[in-house]
Amino acid sequence: MDGSLPPRAVRTTCPYCGVGCGVLVRPDGAGGATVAGDPDHPANGGHLCSKGAALGETLSLADRLLHPEVKGRRASWEAALDAVAEGFRRALDRLGPEGVALYVSGQLLTEDYYATNKFAKGVLGTANIDSNSRLCMASAVAAHTRAFGEDVVPGTYEDLEACDLLVLVGSNLAWCHPVLFQRVMAAKTARPGLRIAVVDPRRTASCEGADLHLPLAPGSDVALFAALLAELERRGLGDARFLAAHTEGAETALAAARRTAPKAARLTGLDPALLDAFLDAWCGTERVVTLWSQGVNQSSAGTDKASAILNCHLFTGRIGRPGMGPFSVTGQPNAMGGREVGALATMLAGHLRFEAPEEVAALRAFWRLPRLPAGPGLKAVEMFRALADGRIGALWVMATNPALSLPEGEAVRAALAAAPFLVVSETSARSDTAAFAHVRLPALAWGEKEGTATNSERVISRQRAFLPAPGAARPDWWAVAEVARRLGHGEAFTWAGPAAIFREHAAVTGLARPAARAFDISGLAALSDAEYDALAPTRWPVPARGPRATRFFAASGALSGRLRLVPTPFRPPALAPDRRFPLRLLTGRLRDQWHTMTRTGAVPRLMAQHPEPRLWLHPDDAEGLAPEILVRAETPAGSAVFRLGRDPGLLPGAAFAPMHWSAAFAPAARVNSTLVAATDPASGQPELKHVPLRVRPFVAAWHGFLLAPRRLPADLAPWCAVAPLAGGVWRHELAGEEVPEAAFARLRALLPAEEWALFEDPAAGLFRAAALAGGALCGAIALAPAPALLPPRDWLGALMTANALAPEDRAALLAGRRPEALPPSPLVCACHGVSAGAIRACGASDVEGVGQATRAGTGCGACRPEIAALLAREEA
Ligand SMILES: Nc1nc2c(c(=O)[nH]1)N[C@H]1C(S)=C(S)[C@@H](COP(=O)(O)OP(=O)(O)OC[C@H]3O[C@@H](n4cnc5c(=O)[nH]c(N)nc54)[C@H](O)[C@@H]3O)O[C@H]1N2
Ligand SMILES: Nc1nc2c(c(=O)[nH]1)N[C@H]1C(S)=C(S)[C@@H](COP(=O)(O)OP(=O)(O)OC[C@H]3O[C@@H](n4cnc5c(=O)[nH]c(N)nc54)[C@H](O)[C@@H]3O)O[C@H]1N2
Ligand code: SF4
Ligand SMILES: [Mo]
């Protein structure tokens with residue numbers, strides 16, 4: 001970070017998902033780097049997924065926040081930090097510790113995370129510090145804590161390879177934890193006896209190679225696992241010795257399961273034979289791992305869903321032994337670290353508990369800070385409601401983008417806009433949340449910052465810097481320490497660097513003794529700076545004394561007290577579909593995008609799979625809707641507009657839309673505007689899947705696109721989706737209300753043309769413009785009354801990266817079609833100029849659908865029989 005670059009490959013860790021892959025980086029000395037998997041890292045053994053492999057392409061400083069800003073103007077760090085301290089002091093004076101809050105993230109490094117928690121709880125004296133983990137892991141944490149007395153993932157990745165049955169529940173592992181999925185697939189190839197079952201309302205990429213897919217009704221997982229628990233009992237598969245020696249609660253859990261089991265087929269909607277096949281497989285396989293993710297956690301019954309899974313493992317004693325156990329896979333790179341440092345409203349630090357007065361006292365004494373809060377604070381959803389109500393006077397958001405990722409999206413944005421004092425620490429200048437901030441603080445990003453993160457299997461890995469700090473960016477922990485100093489507590493924040501913070505954090509984890517705790521890394525509290533720098537991937541626990549477990553809860557049960565089975569009566573999702581909103585909206589992730597796209601959205605090859613925000617419906621539910629049209633997704637909470645997709649792999653009645661598109665990329669396609677914030681009573685985690693939905697065509701006067709040699713703002717039209725293409729070209733997909741002539745003129749003014757090649761057919765609503773400069777294509781615009789009538793974007797984008805246009809390309813430009821790909825095609829609909837090729841390509845299966853997609857047949861109607869004949873020939 002002193003400006004000199006390391007000469008050799010730097011060993012670091014991927015900043016995306018909770019698999020926590022090791023990465024070898026070779027900086028090129030010019031701000032870039034080549035990236036490869038670290039063959040020595042235990043998580044990935046050299047492999048990387050598409051996102052990890054493209055890390056080198058995310059290092060551009062183009063979108064970075066590089067300087068502090070106060071009220072939208074560049075400021076010095078001194079001034080910005082003074083403003084933060086002053087804002088918090090004022091809110092404390094006015095509202096007390098309940099009136100201030102921090103909202104942080106599983107993408108902070110452990111050291112940053114530790115600092116924020118110490119600052120909130122120790123300096124501000126508030127427990128109002130919550131994390132985006134509330135949207136992600138909170139239900140798993142609550143279920144672990146109920147069952148184990150502590151938040152612990154009992155197993156390791158090796159268990160996924162060693163098991164005979166792997167059940168993926170609400171996890172699209174193939175897209176969301178790709179390297180782990182590839183490990184499983186490799187194990188299955190080597191040992192075909194390893195069976196995989198996927199429990200998901202969608203047939204996802206994770207079903208490739210699975211032996212069973214259970215397309216259960218959204219939200220019905222508790223019923224499935226209740227049926228399993230009852231069946232395990234019926235078959236006498238309870239581990240009586242384990243149950244007697246180490247557990248409690250089996251009887252009440254079984255009683256609840258017995259009541260739900262007879263209704264399981266109805267509640268899950270599963271074919272009874274399929275349900276039986278699943279029960280048979282699970283009951284008959286001792287080495288079973290049940291892995292779950294957001295299809296379980298992000299539910300108003302998330303904690304019960306997770307507990308229902310844990311119950312089955314506890315009842316059979318299939319836990320903590322090689323190849324068996326429940327496995328909550330973490331989403332963010334340091335989701336686990338945040339739980340370790342206790343940066344959640346419901347936790348203290350180092351797995352110390354609010355409920356244990358001696359632990360509160362131990363931490364107070366260790367921190368030597370006066371103001372530790374007495375109990376839990378506001379959880380994420382409550383925190384933003386409190387902000388809206390004026391109960392929060394100052395909020396600091398760090399490494400998360402709540403303007404996009406929280407449910408009740410519009411209310412959250414309104415609360416952010418009206419916040420009395422909002423600080424946002426960011427790496428990106430394009431975060432939706434930062435746009436609302438009074439003070440923006442530039443943070444060091446991956447490749448610049450130093451610290452540690454803990455992955456899903458409790459392995460702590462170092463992230464190491466290989467680039468100099470750009471602009472005025474600084475580590476997040478440093479900004480926190482500086483504000484603490486300004487509030488009069490500098491003496492507790494004197495760390496010289498992340499190594500010192502890590503040592504202090506490790507020491508906290510030893511404070512719980514003599515009450516034994518699984519999470520104990522007190523053995524790392526005396527690392528020297530050099531040892532910390534060289535720290536190899538290390539699985540916790542690392543106690544200062546005593547044995548080091550690799551897996552938990554097999555032989556000894558819980559470390560303190562007993563393991564607990566919990567009754568989980570079935571509850572449906574918060575809102576039920578009805579005649580007005582007959583479908584259910586599932587939201588989630590795409591393979592190549594990371595959350596709110598601040599890092600992956602500008603990388604052309606990561607945008608190639610899905611350049612536009614889509615809503616997928618089962619073909620039966622999409623009947624009457626033409627393919628590729630824009631549709632408005634309406635829920636009781638709000639609406640958003642997407643390109644329609646069809647997915648026969650969806651359970652009929654369920655729809656899927658990605659969470660990724662932000663105001664910076666597609667303002668009208670922010671899916672969280674449509675979500676209610678129904679939370680799980682035990683964990684406070686909101687139901688980010690399952691809201692009732694209806695879908696209508698989005699009516700626009702024109703559809704079109706604009707290709708430009710640079711990125712333009714995403715407000716070019718009422719519907720706009722921005723995407724990078726190769727070679728620095730940006731694609732802007734558009735739909736608008738004004739008359740097309742006016743839109744055409746307005747859009748042309750945005751391109752730097754020396755010369756125009758134009759095609760205009762106002763009667764047909766077709767407009768095409770090619771902007772030329774120096775004999776090369778420097779931009780393109782096309783407008784049409786229907787999306788299916790627009791020329792291919794990739795072809796035009798590629799032409800823009802050529803130095804000069806070939807004559808045949810120039811001619812093709814005006815025809816609006818790629819010369820070789822689309823052979824001359826007879827015109828079918830003369831009114832709207834639609835060719836047979838366009839009708840075949842539009843994907844509709846009936847004349848009405850063709851009309852919606854292309855307008856063919858909607859003029860004089862004379863060509864409708866011809867269209868029908870064409871479709872019949874396609875069918876045959
Ligand atoms: N590519 C990519 N990978 C990521 C991320 C990313 O943004 N992009 N983010 C990371 C993070 S933070 C997280 S938390 C993880 C999330 O990883 P996952 O949880 O695997 O991802 P999701 O797509 O949110 O949801 C998983 C599945 O739950 C299903 N589902 C919905 N409702 C139900 C239900 O009621 N029951 C069941 N059984 N299934 C249901 C959905 O159809 C979906 O396929 O991914 C991590 N990895
Ligand atoms: N509809 C729907 N909503 C969801 C979900 C869903 O499945 N469906 N999933 C939920 C889940 S599981 C999660 S985890 C959340 C994720 O949602 P968010 O956390 O809001 O999404 P990110 O885009 O990861 O936001 C991280 C921000 O931190 C910035 N950043 C990156 N590194 C640093 C750093 O070192 N320091 C600082 N200060 N900033 C940094 C990035 O630029 C980015 O703006 O979304 C939740 N919301
Ligand atoms: S699997 Fe996760 S940690 Fe590994 S390279 Fe991909 S995104 Fe990064
Ligand atoms: Mo997450």
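Counting begins at 1 with the first residue of the sequence. As the structure lists them, so they are numbered: ligands from 1, and atoms in each ligand from 1. None of the values given here were measured: they were computed from a predicted structure. What you see below is based on every heavy atom in this structure, not just the backbone, and it leaves out hydrogens, waters and symmetry mates.
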Checking a contact table here: which protein heavy atom is nearest [atom], and how many Å away?
| atom | answer |
| --- | --- |
| atom 32 (N) of ligand 1 | H690 NE2, 3.2 Å |
| atom 13 (C) of ligand 1 | G331 CA, 3.2 Å |
| atom 21 (O) of ligand 1 | C176 SG, 3.4 Å |
| atom 34 (C) of ligand 1 | G295 O, 3.3 Å |
| atom 18 (P) of ligand 1 | S293 OG, 3.4 Å |
| atom 8 (N) of ligand 1 | Q593 O, 2.6 Å |
| atom 37 (C) of ligand 1 | D221 OD2, 3.4 Å |
| atom 27 (C) of ligand 1 | D200 OD2, 3.3 Å |

Worksheet item: Which atom names give the shortest non-hydrogen contact between A143 and A306, and what distance separates them?
Response: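 For A143 and A306, the tightest heavy-atom pair comes out as CB-CB, 3.4 Å.
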Item to complete: Give a yes/no on ligand 2: does R589 have at least one heavy atom closer than 4.0 angstrom to it?
Response: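 Yes, that is the case, since the closest heavy atom of the residue is under 4.0 Å from the ligand.
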Practice prompt. Please verify whether a non-hydrogen atom of W446 lies at under 4.0 Å from ligand 2.
Written response: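 Judged by the 4.0 Å heavy-atom criterion, W446 does not count as contacting ligand 2.
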Is [X] near ligand 1, meaning one of its heavy atoms is under 4.0 Å from it?
| X | answer |
| --- | --- |
| T330 | no |
| L688 | no |
| M659 | no |
| M137 | no |

Practice prompt. With atom 6 (Fe) of ligand 3 as the centre, enumerate protein N/O/S atoms below 2.8 Å in chain and residue order.
Written response: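 Listed by chain and number: C49 SG.
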Relative to the heavy atoms of [X], which atoms of ligand 1 are at a distance of less than 4.0 Å?
| X | result |
| --- | --- |
| L590 | 1 (N), 2 (C), 8 (N) |
| T204 | 44 (O) |
| W175 | 1 (N), 2 (C), 3 (N) |

Worksheet item: For ligand 3, which atoms sit closer than 4.0 Å to a heavy atom of G20?
Response: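 Listed by number with element: 3 (S).
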Taking [atom] as the point of reference, which of [options] owns the nearest heavy atom?
| atom | options | result |
| --- | --- | --- |
| atom 9 (N) of ligand 2 | Q298, K449, Q294 | Q298 |
| atom 39 (N) of ligand 2 | C136, A138, A399, A434 | A399 |
| atom 44 (O) of ligand 2 | E687, E426, R599 | E426 |

Fill in: Close-contact set for ligand 2 against S405 heavy atoms, below 4.0 Å
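This gives 3 (N), 4 (C), 17 (O), 18 (P), 20 (O), 45 (O), 46 (C), 47 (N) as the contact atoms.
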Worksheet item: Which of the atoms in ligand 2, numbered in the order shown and given with their element, are less than 4.0 Å from a heavy-atom of L444?
Response: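 Near L444, the atoms of ligand 2 are 34 (C), 35 (O).
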Practice prompt. List the steps, then state whether side chain to side chain donor-acceptor pair (under 3.5 Å) holds for E687 with S300.
Written response: CA-CA 5 Å; E687 190 149 71; S300 57; 2.9 Å; yes
Worksheet item: Can you check whether R202 has an N/O within less than 3.5 Å of an N/O in ligand 1?
Response: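 Yes, since at least one N or O of R202 sits under 3.5 Å from an N or O of ligand 1.
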